[in-house]
Amino acid sequence: MSFEWPWQYNFPPFFTLQPNVDTRQKQLAAWCSLALSYCRHHRLYTLDVMEAQESPVFNNKKIERKLSMEAIQVVFEELRKKGNLEWLDKNKSRCLVMWRRPEEWGKLIYQWVSKNGMVNSVFTLYELSNGDDTEGEEFHGLEEWMLLRSLQALQTEGKAEIITMDDSKGVKFF
């Protein structure tokens with residue numbers, strides 16, 4: 001299934017931050033939505049700021065327009081404020097993209113555990129994110145850092161406990 005671009009993506013002014021405050025807010029909301037949708041579709045969890053400008057999401061070769069580095073930083077900052085982005089370094093050159101927050105992933109995982117009658121069961125992190133039983137689930141293939149954050153959210157709610165087993169981690173659901 002190919003990614004469906006929003007109509008603005010083929011509208012050249014979309015690639016220039018607008019000076020009018022109201023217009024800019026709508027534009028930033030559209031950019032945030034586009035960036036998150038693109039990352040979700042391609043299952044991207046980390047982005048490099050320098051590479052972002054050449055990425056199809058910020059560079060429309062068809063109309064020969066790309067978002068400036070400054071504008072990309074503004075979009076990333078907006079995503080950070082919304083809780084969808086976290087910087088990996090002080091220089092703000094790499095970031096984690098959370099197109100779904102840890103609490104949302106935790107809810108999905110717990111629904112799957114409940115639906116399959118696996119409450120009071122213990123799983124390794126590998127079984128949850130890469131096991132045969134989870135194939136076809138949205139959280140299948142979830143990167144370990146996000147899986148851990150999701151399970152920590154469930155642990156805070158009293159629905160799970162993260163346990164350390166030898167060299168790896170596991171989780172018990174309640």
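Starting from 1, each residue takes its place in the sequence as its number. These values consider heavy atoms only, across backbone and side chains, with no hydrogens, waters or symmetry-generated copies.
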**Request:** Taking only Lys NZ, Arg NE, NH1 and NH2, and the carboxylate oxygens of Asp or Glu, determine whether E104 and R101 approach each other closer than 4.0 Å.
**Result:** yes

**Request:** Only counting residues at least two apart or in another chain, list the ones meeting salt bridge (Lys or Arg N to Asp or Glu O under 4.0 Å) with D133.
**Result:** none

**Complete:** Here the salt bridge (charged side-chain N to carboxylate O under 4.0 Å, His left out) pairs for residues 27-38, sequence neighbours left out, are none

**Request:** Only pairs at least two apart or in different chains count here, so list each salt bridge (charged side-chain N to carboxylate O under 4.0 Å, His left out) that has a residue in residues 69-78.
**Result:** E77-R80

**Item:** Qualifying residues under ring pair (Phe, Tyr, Trp, His ring centres under 6.0 Å), relative to Y45, sequence neighbours excluded
**Value:** W99

**Prompt:** Is the number of heavy atoms from other residues, nucleotides or ligands under 6.0 Å of M69 CE greater than 12?
**Reply:** yes

**salt bridge (charged side-chain N to carboxylate O under 4.0 Å, His left out) partners of residues 81-90, not counting sequence neighbours, each pair once** = E86-R149

**Prompt:** So do L125 and E144 actually touch side chain to side chain, heavy atoms under 4.5 Å?
**Reply:** yes

**Message:** With salt bridge (charged side-chain N to carboxylate O under 4.0 Å, His left out) as the rule and sequence neighbours excluded, what pairs involving residues 157-174 come up?
**Reply:** E157-K159

**Validation row, ring centre F58 to ring centre F15 under 6.0 Å** = no

**Prompt:** So which pairs with a foot in residues 49-61 pass side-chain hydrogen bond (donor to acceptor under 3.5 Å, both in side chains), sequence neighbours left out?
**Reply:** N10-N60, E54-N59, E54-K66

**Complete:** Residue set satisfying ring pair (Phe, Tyr, Trp, His ring centres under 6.0 Å) with Y38, at least two apart, ordered chain then number -> F3, W5, H42

**Request:** Would you kindly say whether T16 and R65 are connected by a side-chain donor-acceptor distance under 3.5 Å?
**Result:** yes

**Request:** Please identify each residue that fulfils side chain to side chain contact (heavy atoms under 4.5 Å, CB included) with N20, with sequence neighbours left out.
**Result:** D22, T23

**Request:** Among residues two or more places apart or on two chains, list those pairs meeting side-chain hydrogen bond (donor to acceptor under 3.5 Å, both in side chains) that have a residue in residues 26-36.
**Result:** none

**Message:** Going by the rule ring pair (Phe, Tyr, Trp, His ring centres under 6.0 Å), which residues pair with F123 if we only count those two or more places apart in sequence or in a different chain?
**Reply:** W112, F173

**Item:** Salt-bridge criterion met for R43 and E143 (N-O under 4.0 Å)
**Value:** no

**Message:** Which residues pass the side chain to side chain contact (heavy atoms under 4.5 Å, CB included) test with A71, not counting sequence neighbours?
**Reply:** L17, L67, S68

**Fill in**
Tightest non-hydrogen contact, residues V97 and W145, listed as O-CH2, 4.3 Å

